[in-house]
Amino acid sequence: MSAISGMTGFGRADGAEGDWIWSVEARSVNGRNLEVRFRGPPGFDGLERHAKTAAQARLSRGQITLGIQAKREVGAASLKVNEDVLARYLTLANQLAEEGATPPSADGLLSLRGVLEAPEEVDDPEARAVVEAAMAVSIDQALDALRTSRDREGSQLLPVITDFIDRIAALTAHAGTEAAAQTAAIRERFSRRMTELAPDAPGLEERVFLEAASLATKADVREELDRLAAHVASARTLLQQPPAGRKLDFLMQEFMREANTLCSKSATTALTGIGLELKAVIEQLREQVQNVE
């Protein structure tokens with residue numbers, strides 16, 4: 001089983017019991033919660049309950065559509081002639097023959113609608129129970145195939161998501177290096193501005209130092225960078241603890257919150273650029289996380 005699973009997949013199973021044959025198809029797409037929609041043959045009322053219970057045992061998220069196409073194979077020996085319908089057809093045929101029409105053949109009469117009748121689909125409760133139990137097995141098989149399909153999608157998603165997390169980690173480290181230079185940049189900028197405005201003001205150097213320190217404190221992004229690093233570690237852990245989709249969804253919000261704060265506190269063009277790139281990568285990661293169960 002993959003470390004994570006996707007939410008898109010398909011599974012199919014075919015079955016037969018007695019004179020019944022059927023096919024079961026299970027499909028799933030992304031969904032915030034688990035929703036199972038079932039469509040089965042009439043007369044087998046217990047299958048819907050079984051399908052929903054079986055889906056809940058295997059899956060935790062996604063919109064699941066599960067349907068059964070079934071038909072009964074009726075042999076010629078099982079058919080019977082409806083004498084009343086046949087008699088009406090014969091009466092009409094004789095009237096037409098008197099008017100010059102060609103008399104009907106036996107196979108022609110038997111092919112007319114309602115002349116041949118099949119027995120009721122399942123009228124024996126025990127036989128019905130046997131067929132229903134066999135269909136339930138096929139439902140399980142189709143859901144197992146769907147599970148395998150979703151695991152396969154997860155194995156394809158994992159390296160993509162891991163790559164985005166690695167990029168966030170690298171950008172966070174880069175932001176840390178750039179942020180360390182913010183204090184000097186703020187002091188140099190403020191000093192230059194003050195020198196231009198009041199070059200002879202007494203205590204200029206001390207005032208520049210105090211104001212620059214105040215501005216640097218407001219622009220300190222160490223907490224945001226620490227939280228981003230912690231979120232990266234959490235994301236890596238969640239990828240090994242499926243089902244992780246809901247938690248990863250929430251973590252994306254936290255990632256974006258820290259990236260937004262980083263941009264708002266940035267005092268240099270370089271750090272702002274890193275913050276904007278972080279936001280873009282986080283958004284790409286969020287789109288992929290939407291596919292995780």
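Considering all non-hydrogen atoms of both residues, Ser155 and Pro159 come closest at O-CD, 3.2 Å. Listed here is the closest heavy atom pair of Val289 and Met252: CG2-SD, 4.2 Å. When every heavy atom of Leu271 is checked against every heavy atom of Ser266, the shortest pair comes out as CB-OG, 3.4 Å. Across all their heavy atoms, Glu178 and Ile274 have their closest contact at CB-CD1, 4.0 Å. When all heavy atoms of Ile64 and Ser28 are compared, the pair lying nearest together is CD1-CB, 3.3 Å. Contact record, Val221 with Lys265: CG1-CB, 3.6 Å, taken as the closest heavy-atom pair.
Atom-to-atom distance recorded for Glu258:CD and Met256:CE is 11.5 Å, nearest 0.5 angstrom. With rounding to the nearest 0.5 angstrom, the NE2 atom of His50 is 9.0 Å from the CZ atom of Phe38. Once rounded to the nearest 0.5 Å, the distance linking CG of Asn291 with CZ of Arg150 reads 11.0 Å. With rounding to the nearest 0.5 Å, the separation of CD1 in Ile4 from CD in Glu153 is 9.0 Å. To the nearest 0.5 Å, atoms CD1 (Ile68) and CG (Leu47) are separated by 5.0 Å. Rounded to the nearest 0.5 angstrom, Ser264 OG and Glu224 CD are separated by 7.5 Å.
Note on Leu66 and Leu146: same hydrophobic cluster, where clusters join Ile, Leu, Val, Met, Phe, Trp and Tyr whose side-chain heavy atoms are under 4.5 Å apart, directly or indirectly. Residues Leu278 and Leu225 fall within the same hydrophobic cluster, defined by Ile, Leu, Val, Met, Phe, Trp and Tyr side chains chained together at heavy-atom separations under 4.5 Å. Under a hydrophobic-cluster definition in which Ile, Leu, Val, Met, Phe, Trp and Tyr are linked whenever side-chain heavy atoms come within less than 4.5 Å, directly or via other members, Met7 and Leu239 are assigned to different clusters. Placement of Val160 and Ile282 within a single hydrophobic cluster is found when ILVMFWY residues are connected by side-chain heavy-atom separations under 4.5 Å, directly or transitively. Cluster annotation: Met135 and Val137 are assigned to distinct hydrophobic clusters (Ile/Leu/Val/Met/Phe/Trp/Tyr, side-chain heavy-atom contacts under 4.5 Å, transitive).
Under 4.0 Å is where a charged nitrogen must lie from a carboxylate oxygen, and between Arg12 and Glu25 at least one such pair does. A salt bridge links Arg147 and Asp151; the closest N-O separation between the charged side-chain nitrogens and carboxylate oxygens is under 4.0 Å. No salt bridge links Glu283 with Lys279; every basic N to acidic carboxylate O contact stays at or beyond 4.0 Å.
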Would you please test His174 and Glu277 for side-chain contact (heavy atoms from CB on, under 4.5 Å) and show each step? CA-CA 11 Å; His174 189 193; Glu277 188 175 355; over 6 Å; no

Between Phe44 and Trp22, is the ring pair (Phe, Tyr, Trp, His ring centres under 6.0 Å) condition met? List the steps. CA-CA 13 Å; Phe44 297 94; Trp22 60 83; 8.4 Å; no

For side-chain contact (heavy atoms from CB on, under 4.5 Å), just list the numbers for Glu17 and Val130, CA-CA rounded to whole Å, side-chain angles, deciding distance to a tenth of an Å, and then say yes or no. CA-CA 8 Å; Glu17 177 64 38; Val130 170; 3.5 Å; yes

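Arg246 and Ser60 form no side-chain donor-acceptor contact under 3.5 Å, judged by distance and modelled atom types alone.
The shortest distance between side-chain heavy atoms of Phe255 and Val232 falls below 4.5 Å. Using a 4.5 Å heavy-atom cutoff, the side chains of Leu276 and Cys263 are in contact. Lys71 is listed as a side-chain neighbour of Ile21, based on a closest heavy-atom distance under 4.5 Å. Using a 4.5 Å cut-off on side-chain heavy atoms (C-beta onward), Arg58 and Asp140 make contact.
Under a cut-off of 6.0 angstrom, the local environment of CZ in Arg236 is crowded, with over 12 non-hydrogen atoms contributed by other residues, nucleotides or ligands. Within a 6.0 Å radius of CD in Gln69, no more than 12 heavy atoms belonging to other residues, nucleotides or ligands are found. In the displayed structure, Glu223 atom CD is contacted under 6.0 Å by at most 12 heavy atoms of other residues, nucleotides or ligands. With a 6.0 Å radius and a threshold of 12 heavy atoms from other residues, nucleotides or ligands, Phe250 has its CZ atom at or below the threshold.
Of the possible donor and acceptor atoms, one in the side chain of Arg61 sits under 3.5 Å from a partner among the backbone N and O of Val292. Listed for the Ser138 side chain is no donor-acceptor partner under 3.5 Å among the backbone atoms of Ala13. In this structure a side-chain-to-backbone donor-acceptor pair under 3.5 Å is missing from Ser149 to Ala145. Thr172 places a side-chain N or O within 3.5 Å of a backbone atom of Ile168 that can act as its donor or acceptor partner.
For the side-chain contact (heavy atoms from CB on, under 4.5 Å) criterion with Ile161, the lone passing option out of Leu248, Leu238, Asp166, Leu285 is Leu285.
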